[in-house]
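Here is how names work: the chains are called A, B, and so on, in the same order as the sequence lines, proteins then strands, and each is numbered from 1.
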Amino acid sequence: VKKLINSAETVVTDALRGLSAAHPGLRVDPDGRTVSRSGGPTPGKVGLVSGGGSGHEPLHAGFVGYGMLDAACPGEIFTSPVPGQMVTATAAADGGAGVLYVVKNYTGDVLNFELAADLCAEEGVEIASVLVDDDVAVRDSLHTAGRRGTGATVFVEKIAGAAAEGGASLAEVTRVAEEVNARSRSFGVALSACTTPASGRPTFELGETEIELGIGIHGEPGRSRSTMRDARELAAIALDAVDEDMPLSGDALVMVNGMGATPLIELYVVFAEVAEQLAGRGVRVARSLVGDYVTSLDMRGFSVTVCLLDEDLTRLWDAPVETPALRWGR
Amino acid sequence: VKKLINSAETVVTDALRGLSAAHPGLRVDPDGRTVSRSGGPTPGKVGLVSGGGSGHEPLHAGFVGYGMLDAACPGEIFTSPVPGQMVTATAAADGGAGVLYVVKNYTGDVLNFELAADLCAEEGVEIASVLVDDDVAVRDSLHTAGRRGTGATVFVEKIAGAAAEGGASLAEVTRVAEEVNARSRSFGVALSACTTPASGRPTFELGETEIELGIGIHGEPGRSRSTMRDARELAAIALDAVDEDMPLSGDALVMVNGMGATPLIELYVVFAEVAEQLAGRGVRVARSLVGDYVTSLDMRGFSVTVCLLDEDLTRLWDAPVETPALRWGR
Amino acid sequence: MDTAFLTRWIAGIADAVRAERDRLTELDAAIGDADHGANLDRGFGAAVQALADDPPAAPGALLRLVGGTLISRVGGASGPLYGTAFREAGRSLGSSGEASEVSLADLARALRAGLDGVTRLGSAAEGDKTMVDAFAPAVRALETAVSAGAGEREAFEAAASAALAGAEATVPMVARKGRASYLGPRSAGHEDPGAASCALIFAALCTADQGHG
Amino acid sequence: MDTAFLTRWIAGIADAVRAERDRLTELDAAIGDADHGANLDRGFGAAVQALADDPPAAPGALLRLVGGTLISRVGGASGPLYGTAFREAGRSLGSSGEASEVSLADLARALRAGLDGVTRLGSAAEGDKTMVDAFAPAVRALETAVSAGAGEREAFEAAASAALAGAEATVPMVARKGRASYLGPRSAGHEDPGAASCALIFAALCTADQGHG
Ligand SMILES: Nc1ncnc2c1ncn2[C@@H]1O[C@H](COP(=O)(O)OP(=O)(O)O)[C@@H](O)[C@H]1O
Ligand SMILES: Nc1ncnc2c1ncn2[C@@H]1O[C@H](COP(=O)(O)OP(=O)(O)O)[C@@H](O)[C@H]1O
Ligand SMILES: [Mg+2]
Ligand SMILES: [Mg+2]
Ligand SMILES: [Mg+2]
Ligand SMILES: [Mg+2]
């Protein structure tokens, strides 16, 4: 599979050079692999740090900026960053009021952030962590590593980021982040696998009429293989899975997210079905995102994330944000 | 090729339903195929209308809103809209100060907008048109339909939109639009063809190491076929083609645009090379866009658009904009 | 020829376009954007419907309705071009107090007017690898047949085969108009989709005439 | 065994991981995210470099340096896990005034401590389809060999074959930890990549020993 890269080895560094050139509001260390606000930490503000494997762009580096993350640390493709990056990111985010780690629930991310938290705590930084685990395709049981963190990560970063920007304490920002996660569920569908630059071949093969239901964001196959259907049915499958896990009602923030190689026109087709079917289930789409936010390299497919809003969360969602990938109000 | 649609026949209508559900700031007529600002025309403001075949999302409907277009009319996939749609869009954009049509230079768009302009002029609306033709891959000569309109369309719509929002006259908005076009050049590269929903098969076939240089945005092949190279070389090819046509210097607005199925991480890799090589040519990247703005369904590849800025254009570029796909300052 | 003949003609075009839709689209995929079949299928289908919904009383009005329907439903390059062709042809048959029968000579004049409309709008000349390369020889063949006092069947067959030959002659041409011109020399070796559809339009005159006989 | 032996061991692991990089990645592609080969290649390559740059004076310090390097360079799940394994093994060999020679019994104790570190951090038990399924039987085999008074070569061969058998035994298992657990029953039928790499680590003990002899 052809890719617009210089080499598999340098892709993350090269992309960070591009991010740096494109966004003067970011301070980017392409070799050290950290991205933070160019203004440095905001004194007295709780810092927000996230990170994870690369290949999910714009997550997380694209969400660094006013009203969202203070710093991000991108790992190798699909590989959790190492504690050293997290420590550097923490320093870039620490305004003296403590730092919240937004951690997607994958063993690698969890372990590395744990090690980093220990190191930073030893340095006297107050660290809290929130585990994002919104993917209903994985049964959350003793027999798994727990649900994966996927689309809800964007919601957690935006809403907790707004709380932090508004001056909330570390405990309060953490509570808000946990609440967003608790109120959010996702389900993803792949029409094709993705190909990592290092391997050069798709991680799994799908036939002309096959799809994977319940995929993750690391090229792993899903809960089950199925046959291709129209957008209406795929939306129903995703919403059924979400609804079964978290009964849907009231106002919702809804994201229809592309996996990286899905044209926007198709995402809008899916969103039309999702919105209509949510209305049929008595849910009002109060806020929405349609586009590529949490991707899986060049995977074709989509995920749906639903977050049940209340007034506070809506207000925090609407608060100004200024990052490469999400911007409004300034 | 699998697609997230309900049927090839309804894809444009369905996507417009999704657009409508996602963006309360837009008034969308999915069947009549027009998109306009929900507030209606702004009295006394020059109206901006654009349109063209669908399949280039977010162009044009995603650029309707404050500071940019007043209305857009999306045609069938890769097919110019019909004059009737344009007449409706003109009515939705006409605040009494005249309406500017932003027309990409394709025979179909040109002819249909001409017919629409005649009809609207008969109704007493003052109409002006700007032809966007920035694609250097096509020789602009008596022996072609002229250069195609591609990436610069976004620049023209944004900058002319800001001029119109600022109260400029139709003549002045038209002049600004023409100037942006005159100062802009694009060049595109495809790693794969795209597949229209109606045909179900790629419009051309590329081998594992083949690429098309100088592609358009309608699935047509490019100026020449070539072999795959790394991002650095591809950026050089694109910039050479641009530079040869319009010698580069000074401050530039630069877009690295994805063709629809290109992961963002790859676009940033390309942007890193573009920015570095522009610096080497003495050009400063003063403003930039990296992402999917003018796509070609599920084509893999990118295009580079360079616009040489002056102070006025920079100020207009920086002016507030609030559309689904481009937003800052409010 | 009366409105019944022309209605059969348009229906015959619609049938041919539907039957050849994929071929037209494939021709367009090679040197254009793969929509010509869908465009004309949509357009002529709508034209048949429009004629059924509100059958015009006179040949001129009928062709104008077809032209207007193509313009308002097809889009792309072919919509305005074919739409103008039919509209101008209809106009040439008179716009008020129209005759209900038109002669072969009238039709030849009308199609000449249609062709003029296409070249005025699109400024393509023969050899530019467009629909004009089929349209122009077909109109000339019709005019020659009229001058020679040929019958309808003979005239239509001459026009149809001239259009077909004209379409086939576009294969080696390098396009100078429309999307195919972007390909420059790479456009050679492919038949122009608009020329191919134009050949279908003239072939449908024969079918309509046989239905008549 | 001295630091020379342990340095050979780490170099042997790095060589084996590089040689088997694609196989590890393919195992990970089947039930994970296709990075295990690259992860360990990066990590053990860095460890070899770190030992060359600043050769530790004692076995304990050496293993701690390897562990720290893996933690700071690998990322993913395997980085902290293997990193902790080597770090804890190094710690068990003492942290000050360390001996420059360690016995087979010392090494067995150290690797037991490493295994404990892994299970403490990752809370995987045997049967969960992880590196622990190779690691645990290998440590047991080593301990048994020590009890039986076996020589190094015999002990390492027992440990290596226990690790290999443990890795192969993961094939039918349904994963309960790590990424593979997301697949549920679909994870059965594939060897766990971490168990496979763990078998390489124990096999490298034999190679290091032969290099010694
Ligand atoms: N300037 C022109 N004059 C005459 N015919 C043209 C011109 N431009 C394009 N055409 C015809 O239109 C055909 C393409 O029609 P179609 O595919 O429906 O529209 P589009 O090119 O907009 O997709 C071409 O094959 C050619 O015959
Ligand atoms: N909780 C755990 N305990 C022990 N080993 C684990 C655990 N989770 C994952 N592993 C091991 O890690 C291996 C995967 O490593 P690697 O691919 O490098 O990291 P990642 O899964 O983050 O991509 C698995 O094959 C498994 O053996
Ligand atoms: Mg990984
Ligand atoms: Mg077209
Ligand atoms: Mg076409
Ligand atoms: Mg892995």
Residue pairs meeting ring pair (Phe, Tyr, Trp, His ring centres under 6.0 Å), one or both in residues 99-145 of chain D, sequence neighbours left out, come to Phe135(D)-Phe202(D)
Tell me every residue that passes ring pair (Phe, Tyr, Trp, His ring centres under 6.0 Å) with Phe63(A), counting only those two or more places apart in sequence or in another chain. none
Which bit of [X] is near chain A, if near means a heavy-atom gap under 4.5 Å: side chain, backbone, both or neither?
{"X": "Ala180(D)", "value": "neither"}
{"X": "Val74(D)", "value": "backbone"}
{"X": "Ala30(D)", "value": "backbone"}

Under the ring pair (Phe, Tyr, Trp, His ring centres under 6.0 Å) criterion, do Phe156(D) and Phe5(D) qualify, and how do the steps go? CA-CA 13 Å; Phe156(D) 291 157; Phe5(D) 171 87; 5.7 Å; yes
Non-hydrogen side-chain atoms of [X] and [Y] separated by less than 4.5 Å:
{"X": "Asn257(A)", "Y": "Thr305(A)", "result": "no"}
{"X": "Met259(A)", "Y": "Ile215(A)", "result": "yes"}
{"X": "Leu111(A)", "Y": "Leu81(D)", "result": "yes"}

Apply side-chain contact (heavy atoms from CB on, under 4.5 Å) to residues Ile211(A) and Leu213(A) and explain how you reach the verdict. CA-CA 6 Å; Ile211(A) 56 174; Leu213(A) 297 176; 3.8 Å; yes
Most heavy-atom pairs under 4.5 Å with chain A, out of Gly122(D), Gly178(D), Ala29(D), belong to Gly178(D)
Structural part of Pro221(A) lying under 4.5 Å from a heavy atom of chain D: both
For chain A and chain D, give me every donor-acceptor pair shorter than 3.5 Å, distances to one decimal.
unit_1, atom_1, unit_2, atom_2, d
Thr79(A), OG1, Asp35(D), OD2, 2.5
Thr79(A), OG1, Asn39(D), OD1, 3.2
Ser80(A), O, Gly76(D), N, 3.3
Asn105(A), O, Tyr182(D), OH, 3.4
Asn112(A), ND2, Gly76(D), O, 2.8
Ala145(A), N, Ser181(D), OG, 2.9
Arg201(A), NH2, Glu26(D), OE2, 2.9
Glu212(A), OE1, Arg186(D), NH1, 2.9
Glu212(A), OE2, Arg186(D), NH2, 2.8
His218(A), ND1, Arg179(D), NH1, 3.3
Gly222(A), O, Arg186(D), NH1, 2.6

Residues two or more places apart in sequence or in another chain: which of them pass side-chain contact (heavy atoms from CB on, under 4.5 Å) with Ala241(A)? Val136(A), Phe187(A)
